[in-house]
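Below is one structure; the comments refer to it alone.
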Amino acid sequence: MFAATLLTLFPEMFPGPLGLSLAGDALARGLWSCETRQIREHGLGRHRAVDDTPAGGGPGMVMRADVLAAALDAAAPADDPRPRLIMSPRGRPFTQGQAREWAAGPGLVILCPRFEGVDERVIEGRGLIEVSIGDYVLSGGETAALVILDACVRLIPGVMGKIESGDSESFESGLLEYPQYTRPREWEGRTIPETLLSGDHAKIARWRREQAEAITRERRPDLLD
Ligand code: ADE
């Protein structure tokens, strides 16, 4: 079973959208689990502080290494085989290939930081893998963690069921997806491409491949390299 453990100041954010639809059904069926750990339980002093001012000065606050390490150690013992991630815009870019690898494993321990940053020493000291979901800055790691889990959970065997294998889509083939159509045959003067109505499966497969290549060339030439 794929076991997710989230370390966060906002445990109410989980499972969030992953409690509904495909992922939610899979959660209810026990195909994956979603445990949250409140970082503040390891905070210091009367106020359970988890952050402090940055060494060297500057704006914002930095999450403390000692607090985060205590939270991590309580959530996952040293022999826990799950990869330990920390969500960060400076992390390595998350990809479909990475989702496939993690989905096939025992699950993930994900640290979701808030504030301006995290003391570098806990990243080194606990061997955290920094992961980014894209070149933009979110207000915290929680929504990024939800994205990672969504991409992984749908690949767990049994989650998609009969819907599809999950591998005919964008990125699994290395190409963006071809255009899709359904009834009605004509809508607002727009028709479905003749090929798709031809019943010639080889011809349809060729058309789809050509469309996927053309769209990829136009929108994401980097994927073809
Ligand atoms: N935290 C803030 N922005 C992020 C991003 N783009 N990816 C992962 N974690 C983040």
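Note that ligands are numbered from 1 as they come in the structure, with each ligand's atoms numbered from 1 the same way.
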Query raised in the report: In Å, rounded to the nearest 0.5 Å, how long is the span from CG of Leu176 to CZ of Arg217?
Result: 11.5 Å
Query raised in the report: So, Thr191 and Glu186: side-chain donor and acceptor under 3.5 Å apart, yes or no?
Result: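 There is no such pair (donor and acceptor under 3.5 Å, judged by atom type) between the side chains of Thr191 and Glu186.
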Report task. State whether a side-chain donor-acceptor pair under 3.5 Å links Arg90 with Ser132. Result -> no
Report task. Identify, by atom number and element, the atoms of ligand 1 in contact range of Met87, meaning under 4.0 Å from any of its heavy atoms. Result ->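 Matching atoms, with element in brackets: 9 (N).
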Query raised in the report: Looking at Ala144, which atoms of ligand 1 are within less than 4.0 Å of one of its heavy atoms?
Result: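 Listed by number with element, the hits are 8 (C), 9 (N).
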Report task. Fit a plane to each ring of Phe94 and Trp102, take the angle between them on a 0 to 90° scale, and name the class: parallel (under 30°), tilted (30 to 60°) or perpendicular (over 60°). Result -> parallel
Report summary line: the protein heavy atom lying closest to atom 6 (N) of ligand 1 turns out to be Tyr136 O, 2.8 Å
Query raised in the report: Nearest protein heavy-atom contact for atom 7 (N) of ligand 1: which residue, which atom, what distance?
Result: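 Nearest neighbour among protein heavy atoms for atom 7 (N) of ligand 1, to 0.1 Å: Ile133 N, 3.0 Å.
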Report task. Over all heavy atoms of both residues, which pair between Glu130 and Ser88 is shortest? Give the atoms and the distance, please. Result ->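 Scanning both residues, the minimum pair turns out to be OE1-OG, 3.6 Å.
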Requested in this report: Specify the closest pair of heavy atoms between Ala212 and Leu175, including all atoms of both residues, with the distance to one decimal.
Outcome: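 Closest approach of Ala212 to Leu175, heavy atoms only: CB-CD1, 4.0 Å.
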Query - Verdict with reasoning, Arg209 to Glu213, per salt bridge (charged side-chain N to carboxylate O under 4.0 Å, His left out) - result: CA-CA 6 Å; Arg209 174 91 200 170; Glu213 283 169 1; 2.8 Å; yes
Report task. Answer yes or no: does an N/O atom from Gly134 fall short of 3.5 Å to an N/O atom of ligand 1? Result ->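 Yes, Gly134 has an N/O under 3.5 Å of an N/O on ligand 1.
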Query raised in the report: Given Ile86, Leu138, Ile110, Val131, which one has a non-hydrogen atom that is nearest to atom 8 (C) of ligand 1?
Result: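 Closest candidate by heavy-atom distance is Val131.
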Query raised in the report: So is Asp135 in contact with ligand 1, going by heavy-atom distances below 4.0 Å?
Result: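 It does not, in that no heavy atom of Asp135 comes within the 4.0 Å cut-off of ligand 1.
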Report task. Using a 4.0 Å heavy-atom cut-off, say whether Pro89 meets ligand 1 through its side chain, its backbone, both or neither. Result ->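 The answer is both, backbone and side chain.
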Requested in this report: Mind checking whether Ser88 contacts ligand 1 via backbone (N, CA, C, O), side chain (CB onward), both or neither, at a 4.0 Å heavy-atom cut-off?
Outcome: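 The backbone, only.
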